[in-house]
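First the structure, in the form of structure tokens, and then the observations on it.
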Amino acid sequence: MLLIECPHCGPRDENEFHYGGQAGIAYPTGEVTDAEWAAYVFLRDNPKGWFRERWFHVHGCRTWFAAERHTVTHEIRTLP
Amino acid sequence: MRFTFDGRELHGEPGDTLAAALLRNGVRVVGHSVDLGRPRGVFSAGSEEPNALVRVGADPMLAATTVELYDGLEAWSLRGKGRVSLDDVDERRCDKGYLHCDVLVVGGGPAGLAAASAAGRAGARVILVDEQPRLGGDLLNSRLLLDGAPALDWVDALDLPGRVLTRTTAVGYYDHNYVVAVERRERGDRLWHLRARRVVLATGAHERSLAFPGNDRPGVMLASAARTYANRYGVRPGSRAVVLACADSGYEAARDLRASGVEVAAIVDPRPEGLEPGTLAGHVVTGTTADTEGVLTGVFVRDLAGRDDRLIEADLLAVAGGWNPAVHLFSQSQGRVTFDGHLQAFVPDVPAQAQRSAGACRGLYGTREAIADGHAAGAEAAALALGTTVAADGFRVPGCDEPALRPPAALWHVESTSPEPAFADLHRDVTVADLARATGAGMRSVEHVKRYTTAGTGADQGKTSGAVVVGVMSALLGAVPGQVGTTTFRPPYTPVPFATLAGRDRGALSDPVRTTAMHDSHVARGAVFEDVGQWKRPRYFPLDGESMEAAVLRECRAARTSVAAMDASTLGKIDIRGADAGEFLDRVYTNMFSTLAVGACRYGLLCRADGMVFDDGTTTRLADDRYLMTTTTGNAAAVLDWLEEWRQTEWPGLDVSFTSVTDHWATVVVAGPRARQVVAAVAPDAVDLAFMRYAPADVLGVPGRVFRISFSGELAYEVNVPWAYGRALWEAVLELGGVPYGTETMHVLRAEKGFAIVGQETDGTVTPHDLGMSWIVSPRKPDFVGKRSYSRPDTARTDRKRLVGLLPDDPAFLVEEGAQLVNAGGPMLGHVTSSYASDVLGRTFALALAREVAPGDRLTAVSGGAAHGVTVVDPVFYDKENARRDGDPLEGAPPPYAGEVRAESPAAAFAARFERAGGQAVTLREVPFEPMWEVRGDDPGVGLRLGPSWWLVTGDATPRPGWVDVSGQRTVLELSGPSAEDVLITGCPLDLHPSVFPGHAQTLLGRTSVVLERREPGRYRVYVRSSFARYLAEWLLDAIDAL
Amino acid sequence: MSHPDFLWRNPDPRPAYDVVIVGGGGHGLATAYYLAKNHGITNVAVLERGWLAGGNMARNTTIIRSNYLWDESAAIYEHSLKLWEGLSEELDYDLQFSQRGVLNLAHNLSDVREGRRRVNANQLNGVDAEWLDPDEVKKFCPILNVSDRARYPVMGATLQRRAGIAKHDHVAWALARAADAYGVDLIQGCEVTGFEITGGRVTAVETSRGRIAAGKVALAAAGHTSVLAERAGIRLPLQSHPLQALVSELLEPVLDCVVMSNAVHVYVSQAHKGELVMGAGIDAYNSYGQRGGVHVIEAQMAAALELFPIFSRVRVLRTWAGIVDVSPDASPVIGPTPVEGLYVNAGWGTGGFKATPGSGWVYADTLAHDRPHPLAEPFGLERFTTGALIDEHGAAAVAH
């Protein structure tokens, strides 16, 4: 049970949140190729190490936010 | 205390473990080994026991060394495996608890006690957990004097702060300093979840044996265990003992055995020097002899040079093979261990979390050094947790007369010509020869050897065998133990019953049951329910003795020919408001909503970015800047989350907000040509609504909402009132002639019209086009979620599966839902998604998804190995011209409904049970009909802040423009009394300590979302969704009952 | 069960191989075995970062079945199941392959529809499948609670009688022994740290034990595939998650089939030695940590007791996690990559064990002939661009 720092509610147990995967995936604008569109829909980074990801405080303040977490140690550091 | 073992009546003393009591009664053979069937006796005095495994009542397998004796206990021996039976299903209740602290100390021995004491003196919130019934750790088992007095006097004199949990084993150490512990209580275990800023591990050490032939005989025992039985339980584990002292603890055991009247025939020490005159120094044990039952009768001893070889008569061989620091929790916490050549053991190296080991679990075996180390660790942990510096606290390490300990012998395995097996793992019957075969086969990794031999996978999880296996392997491979390494230590530290982990999430509480305001009416009417997500929905309403088929035909007929009513309260309802609400909807729906007129309703499809249909429903424009979206029952929460995701992460600039009003509004669908007649009596203002129009209306004297939406093709109204009046509305509609119908009839009616159901006609691979709904995909909008996906090569194919209708050749034959469609033995073309008997068609019909078919095609539907002919038809079976949607004209003006209209709160049915459950410690009541509003945007200056720009205003407020009335969305359960917090901590993960808890929070309680508010110390309000009120009421009553 | 006295050599790596397989798990070993056996390609190295079959192969719940919904999936898993049926004999090793039947329970009307749909599709695809009503379920598995008073009553089940379990370690060691006997070098403690790519073609791997030249390089690294692919400059549609599992203490025989439930989320069998083997759900977040949250185990136990009240006092002995590589459509990715000579076989998610021989078979064939094996063809990377996914999430409702 990870302890995740919600920017509004403070540290809460992981099961109050939904995981949102990689943060910062931009919605494609303008004309995009099939491959570019597929990358937006299906391709996400999967690093072994620090990972910028999204969480949704579904059972709390219902805020989406990004945090950085290490995918081996599970250490979480807040983003500026 | 009387107890039985294999049916034999025996007597023990209070405070005995079952193992102690068995030894007290001279029981030497407690069970037989799992593979070889060799007799086995008590080997240890703790949870590391590999041999003395017994069945106790419904517990299939317990270590006798961990079972506290009670009067009437019944135990049976085992052959290394537990036994369960349907005749003996245990219903014992277990519970959970959630606690927080600055410093958690695991282990109540000398180091742990000193740590807890130090942390408490420094002002930290402390929790101390210990496995034993009484604090003291190894001091309980020894005759050691501290400051000249019995050691337990020192323990009793300590002033321990915070919460002390005895009989509590920390079994798991997880990320972010989360420790899980099992408290054994007579009324059922409690699983504690402990979140600590700092953890001090003071878990002690396990004594180990070594591998020599015949080392598994009953009578061969760890020296520390022999000492424990003699000192703590006053039980002589034998009458004539040989002590194998690879470590100096063997000498202490010898002294204590002598003191309890055991003759010590010899002390055998492999090291060159003995600590006592007469010690057989430089000697090892090379084998054992046994009587006909397999119980130890003698010990072969030989000097290392092989000259002196003798048999010493003995019924007890106390083995002090050395110590293994209990690094299990440390290792679980991802800390790295390292091999200490001096101690001949793995010790903690680099911790991975906010944690420190103290005392014997890091190799400091002396009592004084453990106390000093524990004190330092506790003081440091408190300072780090509190952000202070370590200060002198006047603590004094007591004096004691322990000699300094010498390094143990580096001996893991004794070579011998004896034909007897030399065991490395007693529970799994793994011998040195087995290990040698594994390395001989090419295995170099200790993990491979573990799997090849099963060593370390037994009931004790390698606590007694792990070091021996590593030691023997290192000898076999010509390496040192540090190179071989250990296998991974995995939770739990000791085995945990399934029921303990399940806690109170059993039966009806295993998952919340959601119910509508009309639920009790449905039950009273004999409805048969269907699980839809967590909801209980009436599937049909059988009359006496009526089959489902007959009931559904009757309900359908009512809807098609007169008037019928359905509880549609479970549909998700989302209040969407803001200047950009229309623009937002345009971006998430496939069709246009910004152009919708105020007061109009429109059907819409939501798709995922991959273009596949995700949900559907009608959305109504309530005002210029305000819409009401409806969703399917099952997807309501997912849709709300989906909307929030797009708004917050993709379009934060849009002025739009979402408020769930699913539970606020109770919804009754009134459908059928005579629906107008009923609506005229309950909501006369709305009776003239045009199709796909909405109006706020007075409903039974209550402000409500009426929508003219139809999912059946008939004239239909969706009448909404706040939750409290839902039941009254339902009863009124039925009294006025509405025939109640359930989900099954709803499905038939919509299928006759060719309307798809998300999740039935769709499966995550279906686009709007596939459903024949290209008309709803706007060609004019620049973009919407999913649009780009339709032009991908596969999605743009013209030969994709489409929604079609099917008519079975035999009009009485009901095709199976899930039947596969084939054409003359060719490949599968699709499958049947829906299939019903239709009253109005006078025959069966079906919907299907299939490719490369057209109306008129003949196909075969294959199911259960049988094939049935069907013909493809247009999926709209009934009233293609939509001629029925306006129903019959009103026949005169019916009088307004004159029955009683009574408000009912969501937990009203619980009032009496709440009353009965209340007492001195805690009382529970519902605070009904509390007015509530959700407020977005600017701070209203009143109410509870729920999130950024989000408030819940309750009670005597005057609503301002823009506030969303959610009075029916939640109800309030109030819990008060000195034990209120004790109830909450069994299911609320938050730290409720006044220094931390801000007064209110949105969080989880049990398995549901709540707003928890502390009104004053000992008085809490729980704001719970109305549909979850029944679940939470049951949950709270259960928690109070379990106190 | 007695294991052989000899399993494999522990060779040092040679400077070059025709094929280098990265990952010494079940799929990697099976690939090596079939390269040698079916295609006569034996100048092969299997490079394993840790110890052979120490990843998901050592951590899975050993369920084998082929009752997948879509034709493409049923074909490849059924091919695998057919190989399982002859594998103990072929490898001369008791794999403890036991076709004891797998039940997939239905708990609501939607489960029933989807279960029947899958049974019918399976039967037409030549995959054995039956639909059982609750009474028949009770007869097949008498200790299962089919009471209609349960929170989510059992409304029926699909049954594949040819499905079952095998002993994962035995499978890995049998394949390893056979590959080793063909001359394949199984090199443990050898981590691939990079790829030498010349003119868009892979020519060698860099490893913790030096450079190894390779004619072809085949990734078979499950949860770690993304990390390796990134070193070759490739992004794959994979996410790595912990998947937890557990065993109980040893019990006398009590459960002689495999029971899976998606709605209540349990899958359980009893291993030959007597322990109950159970799987839990995947932890939500990306991780390479090989550990998960205890709440997942708690939920799993609560669900298990709804189905099996008889297990109430049985104790969990050990929990652990593997790292599963999950693809967007819950189907594998098999085939060539944008780097010439570099192949990928990944994305098996929670279901890789059952595919071990089938996956190895088609991957070896793909490597040997430089084109996807017909059964692997639908599982190429390009499907994510065209949209021709093989979505085994919802419809099959049995992701594991």
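Every chain is numbered from 1 and lettered A, B, ... according to where its sequence line falls, protein lines coming before strand lines. In this text, all values refer to a predicted model and were calculated from it rather than measured experimentally.
Heavy-atom distances place both the backbone and the side chain of B:V862 under 4.5 Å from chain C. Interface remark: C:N10 contributes side-chain atoms only to the contact with chain B (heavy atom separation under 4.5 Å). Proximity to chain B (any heavy atom under 4.5 Å) is shown, for C:N145, by neither the backbone nor the side chain. Only the side chain of C:L276 comes within less than 4.5 Å of a heavy atom in chain B; its backbone stays farther off. For B:R797, no part lies under 4.5 angstrom from a heavy atom of chain C. Contacts of B:V34 with chain C are made by side-chain atoms alone, with heavy-atom separations under 4.5 Å and no backbone atom involved. At a 4.5 Å heavy-atom cutoff, the contact between C:A388 and chain B is made by backbone and side-chain atoms alike. Contacts of C:L305 with chain B are made by side-chain atoms alone, with heavy-atom separations under 4.5 Å and no backbone atom involved. Neither the backbone nor the side chain of B:S834 has a heavy atom closer than 4.5 Å to any heavy atom of chain C. Using a 4.5 Å cut-off between heavy atoms, B:T765 touches chain C through its side chain atoms alone.
At a threshold of 4.0 Å, the pair B:E817-C:R113 counts as salt-bridged, since one of the basic side-chain nitrogens sits closer than that to a carboxylate oxygen. With salt bridges taken as basic N to acidic carboxylate O contacts below 4.0 Å, one links C:R291 and B:D175. One finds a salt bridge joining C:R117 and B:D763 here, because a Lys/Arg side-chain nitrogen approaches an Asp/Glu carboxylate oxygen to under 4.0 Å. C:R151 and B:D531 are joined by a salt bridge, as a carboxylate oxygen and a charged side-chain nitrogen come within less than 4.0 angstrom of each other.
With sequence neighbours excluded, no residue forms a salt bridge (Lys or Arg N to Asp or Glu O under 4.0 Å) with C:E136.
Looking at C:E298 and B:H193, their side chains do bring a donor and an acceptor atom within 3.5 Å of each other.
In this structure the side chain of C:F6 never reaches within 4.5 angstrom of the side chain of B:R437, judged on heavy atoms.
Put simply, of B:T494, B:T457, B:D610, the one with the most heavy-atom pairs under 4.5 Å next to chain C is B:T457. No other option in C:E306, C:E130, C:H107, C:H295 has as many heavy-atom pairs under 4.5 Å with chain B as C:E306.
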